Number of protein chains: 2
Amino acid sequence: MPQKAVTDDLTGLLHGVGLRVTAQRLAVLLALETRRHADADEIFEAVRPTLPGTSVQAVYGVLGALHTAGLVRRIEPAGSTARYERRIDDNHHHLVCERCNRVEDVDCVVGAAPCLTPSNTSGFEIHSAEITFWGLCSECQHFRG
Amino acid sequence: MPQKAVTDDLTGLLHGVGLRVTAQRLAVLLALETRRHADADEIFEAVRPTLPGTSVQAVYGVLGALHTAGLVRRIEPAGSTARYERRIDDNHHHLVCERCNRVEDVDCVVGAAPCLTPSNTSGFEIHSAEITFWGLCSECQHFRG
DNA sequence: CTGTTGTTTTTGAATTATTCAAAACAATGC
DNA sequence: GCATTGTTTTGAATAATTCAAAAACAACAG
């Protein structure tokens with residue numbers, strides 16, 4: 001897909017949720033296209049070359065707006081900074097490395113449906129269930145001892 | 001149970017994992033007996049009356065040692081500070097309020113076992129699965145709008 | 001009980017992700 | 001184009017947590 005078409009898509013995405021289309025927002029969305037589980041700083045660095053003058057605060061602002069609008073999902077595994085991703089429609093989960101904080105997607109979980117039903121809800125109105133698997137990534141398995 | 005007996009239990013707990021027994025560690029463990037999902041500051045405030053002169057850094061140090069030793073579990077729901085709990089042997093999960101960050105336990109999950117098996121592990125060696133249910137607590141359900 | 005050793009706590013400061021606020025600026029509707 | 005309203009910049013603040021050095025202390029041997 002040519003660059004123009006991608007940008008048009010992203011423009012439509014923003015219009016769709018009633019957000020103004022700005023260069024910063026397009027750049028952040030574009031950066032998220034090719035990055036999975038990027039944090040604010042990674043996105044800031046990705047945006048900087050094509051859009052110098054962008055501030056970190058603007059990136060936080062854009063990510064906040066996109067998140068509120070439901071265009072990005074935000075995860076914050078213990079020990080990591082907040083990470084953002086565009087995959088939102090599927091109910092996928094995450095593997096997090098306890099040593100290096102690397103994050104990978106888990107497309108689905110065997111027998112997932114029951115997991116979304118806690119036994120006692122303590123009066124909570126439940127909106128979503130988040131599953132995080134903790135362990136060691138392939139790299140870090142060698143470093144044990 | 002008399003106070004002395006509780007303290008003896010906690011002393012044994014520390015000995016059991018090869019940690020030195022200090023007044024601060026006993027105080028933190030004792031504070032955790034009656035509090036669920038307490039954060040460092042809550043524990044600090046709970047410890048202060050009986051053990052004045054204790055520093056917040058000491059509380060962080062104690063909690064770190066207890067966590068490393070496997071005596072306490074540490075959760076860090078997005079948007080909250082780190083919280084600590086003594087329930088570690090059962091595989092229970094959490095409900096977190098999206099508005100006030102209140103945390104409640106979920107004793108178990110219907111059909112829990114399958115949840116511990118992700119479909120693709122991406123080469124990870126998995127140690128544990130953490131399930132967080134997001135929603136609104138009974139209090140905060142009234143504040144919508 | 002006492003001295004020694006290694007660990008823990010205190011004291012004081014640093015770090016870092018994130019947020020806040022006011023002013024400059026830009027997108028959209030007319 | 002122009003006004004309106006939302007967004008970004010600029011600059012500073014916040015707050016949880018960690019780091020480091022020195023003092024205090026628990027555990028153990030004698």
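In the text below, chain A, chain B and the rest are named by the order of the sequence lines, each starting its count at 1. The structure displayed is predicted, hence computed values, not measured ones.
Using a 4.0 Å cut-off between charged side-chain N and carboxylate O, A:Glu85 and A:Arg74 make no salt bridge. Residues A:Arg35 and A:Glu42 are not paired through a salt bridge, judged by the lack of any N-O separation under 4.0 Å between the basic side chain and the carboxylate. Note on B:Glu104 versus B:Arg36: salt bridge recorded, some NZ/NE/NH1/NH2 to OD/OE distance being below 4.0 Å.
Across the interface with DNA chain D, nearest-nucleotide mapping of A:Leu51 and B:Leu19 shows A:Leu51 to be the residue nearer the 5′ end. Remark on DNA chain D: of its neighbouring residues B:Ala23 and B:Glu76, the 5'-side contact belongs to B:Glu76, judged by nearest-heavy-atom nucleotide. Each of B:Gln24 and B:Gln57 lies near DNA chain C, and the nucleotide nearest B:Gln24 is the one positioned closer to the 5' end.
With sequence neighbours left out, the side chain to side chain contact (heavy atoms under 4.5 Å, CB included) criterion links B:Arg48 to B:Phe44, B:Glu45.
Minimum interatomic distance between A:Arg73 and A:His92 (heavy atoms only, all atoms of both residues): NH1-O, 3.0 Å.
A:Ser128 has its side chain out of reach of B:Phe133: every pair of non-hydrogen atoms, C-beta onward, lies at least 4.5 Å apart.
Nucleic acid contact for B:Val56: none, since no nucleic acid atom lies under 4.0 Å from a heavy atom of the residue. Within the nucleic acid shown, A:Val21 comes within 4.0 Å of sugar-phosphate atoms alone, with no base atom in reach, counting heavy atoms only. At a threshold of 4.0 angstrom between heavy atoms, the contacts of A:Ala82 are confined to the sugar-phosphate backbone, with no base atom among them. Across all strands shown, B:Thr81 has heavy atoms under 4.0 Å from sugar-phosphate atoms exclusively, and none from any base. Residue B:Thr22 is in sugar-phosphate contact alone, with no base atom involved, counting any heavy-atom pair closer than 4.0 Å across all strands shown.
A nucleotide of DNA chain C counts as in contact with chain B when one of its atoms lies under 4.0 Å from a heavy atom; the first and last such, 5' to 3', are C:dG6 to C:dA13.
Remark: C1' of D:dT14 and CG of B:Asp41 are 14 Å apart, rounded to the nearest angstrom.
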